[in-house]
Amino acid sequence: MDYIQIVGFSLVALLLVVSPGPNGLLIAKTVPTSGRQAGFSNVMGFLTAFYLHGALSILGISALLTKSSEAFFIVKVIGACYLSWIGIKSLMGAFSRSNTSSELEKKGREVSNSDSGQLENKHTGKRLKKSFFEGFLTNALNPKVSMFYLAAFPQFIPSGEYVIAYAFLLVTIHSAINLLWFSSVIMLLSRITVVSKSESIQRILKGITGTVFIAFGVKLLALEQK
């Protein structure tokens, strides 16, 4: 095991993680509006997508993205549409009239405490699943993640009989860096939730994140095959 190569890959992965992108924006949208648990669900979605991309890269399937212009275009368009869809939903939430609080209060008056607890648990479960799949799809449908693994693996994986194990070690390192970085971001954002609970602040956050997500979608659509 070459520790110099591991350190080199870790530095490259760290720069990729901390640079502004859809993952950080998704966390910034999720935590103030849906809570800390939903933010961690986003991160779990990120990590699952990384292992998927890592496995596809190891198997050589992701090479289609660099060799087949048709496959690259299809994945690029789907990813761009998904990012834009998240942005449009955020903009709709920013400009629509929110009746969530009044609806919850009305339901609270109509049901017993036990029923209310069950409804809240069900709602929380759905919110966490939604956050997980948002994080997963944001990365799984992003061809730039596949291109990162296809570009990084040949440079940092030595030849030998343990190539697959070494490759998954690098995926784990990338995932661990993501987990540490975004956990810190989530904890920081959760400390300012009191301010962000204001409806006007949430509208501003949704408006900003919606606009930027659409911009990321347009940028991904303009991505050229390399």
Side-chain angles (χ1 to χ4, degrees), residues 1-32 34-63 65-66 75 79 82-83 86 128 130-160 162-192 209 212-213 216 219-220 223 226:
M1 182 180 294
D2 192 334
Y3 292 100
I4 295 178
Q5 287 180 313
I6 292 177
V7 172
F9 176 82
S10 300
L11 291 175
V12 172
L14 178 62
L15 291 175
L16 178 68
V17 171
V18 302
S19 61
N23 289 348
L25 185 64
L26 184 62
I27 293 293
K29 175 186 79 73
T30 299
V31 175
S34 300
R36 184 168 58 185
Q37 286 184 320
F40 282 112
S41 292
N42 280 159
V43 176
M44 291 301 104
F46 299 166
L47 307 191
T48 304
F50 295 154
Y51 278 97
L52 174 63
H53 279 293
L56 294 178
S57 297
I58 293 167
L59 294 173
I61 297 175
S62 289
L65 293 178
T66 57
V75 174
Y82 179 72
L83 292 178
I86 294 179
L128 296 182
K130 177 185 175 184
S131 298
F132 172 85
F133 282 109
E134 282 185 339
F136 174 77
L137 292 175
T138 297
N139 287 271
L141 297 177
N142 190 348
K144 294 177 71 175
V145 181
S146 286
M147 292 173 68
F148 165 71
Y149 280 115
L150 287 171
F153 276 17
Q155 298 182 49
F156 296 102
I157 297 179
S159 59
Y162 300 110
V163 173
I164 294 179
Y166 201 96
F168 275 110
L169 172 62
L170 297 185
V171 177
T172 301
I173 291 173
H174 182 215
S175 299
I177 293 172
N178 270 270
L179 179 61
L180 291 173
W181 171 257
F182 286 115
S183 293
S184 301
V185 174
I186 290 170
M187 297 305 294
L188 177 63
L189 289 173
S190 65
R191 291 180 177 273
I192 60 173
T209 55
V212 178
F213 257 113
F216 274 124
K219 183 180 179 181
L220 181 58
L223 180 67
K226 297 180 180 180

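Remember, it's a predicted structure, so these values are computed and weren't measured experimentally. Positions are given from 1, in the same order as the sequence printed here.
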Pairwise distance CG(N142) to CZ(F148) - rounded to 0.5 angstrom: 12.5 Å
Validation row: N139, L52 side chains within 4.5 angstrom (heavy atoms): no
Pairwise distance CD(Q37) to OG(S190) - rounded to 0.5 angstrom: 11.5 Å
Nearest-0.5 Å distance that lies between atom CD1 in I27 and atom CG in N42: 4.5 Å
Gap separating the CG atom of L169 from the CD1 atom of I173, nearest 0.5 angstrom: 4.0 Å
Partner set under ring-ring contact (aromatic ring centres under 6.0 Å, His included) for F50, not counting sequence neighbours: H174
Worked check of side chain to side chain contact (heavy atoms under 4.5 Å, CB included) between Y166 and L170: CA-CA 6 Å; Y166 201 96; L170 297 185; 4.2 Å; yes
Side-chain touch N23/T138, heavy atoms, less than 4.5 angstrom: yes
Residue pair W181 / L14, side-chain heavy-atom distance below 4.5 Å: no
Value rounded to 0.5 Å, distance of OG1 in T172 from CG in L179: 11.5 Å
Side chain to side chain, S34 and T30, heavy atoms closer than 4.5 Å: yes
S183 side chain to L180 backbone, donor-acceptor under 3.5 Å: no
Validation row: V171, Y149 side chains within 4.5 angstrom (heavy atoms): yes
CD1/I4: more than 12 non-hydrogen atoms of other groups inside 6.0 Å: no
Spacing of CZ belonging to F46 relative to OG belonging to S41, to within rounding of 0.5 Å: 10.5 Å
Y51 to S175 - nearest heavy-atom pair and separation: CE1-OG, 3.5 Å
Contact check, side chains of L189 and R36, non-hydrogen atoms, under 4.5 Å: no
Minimum heavy-atom distance I186-F40, with the two atoms named: CD1-N, 3.6 Å
F133 atom CZ: more than 12 heavy-atom contacts under 6.0 Å: no
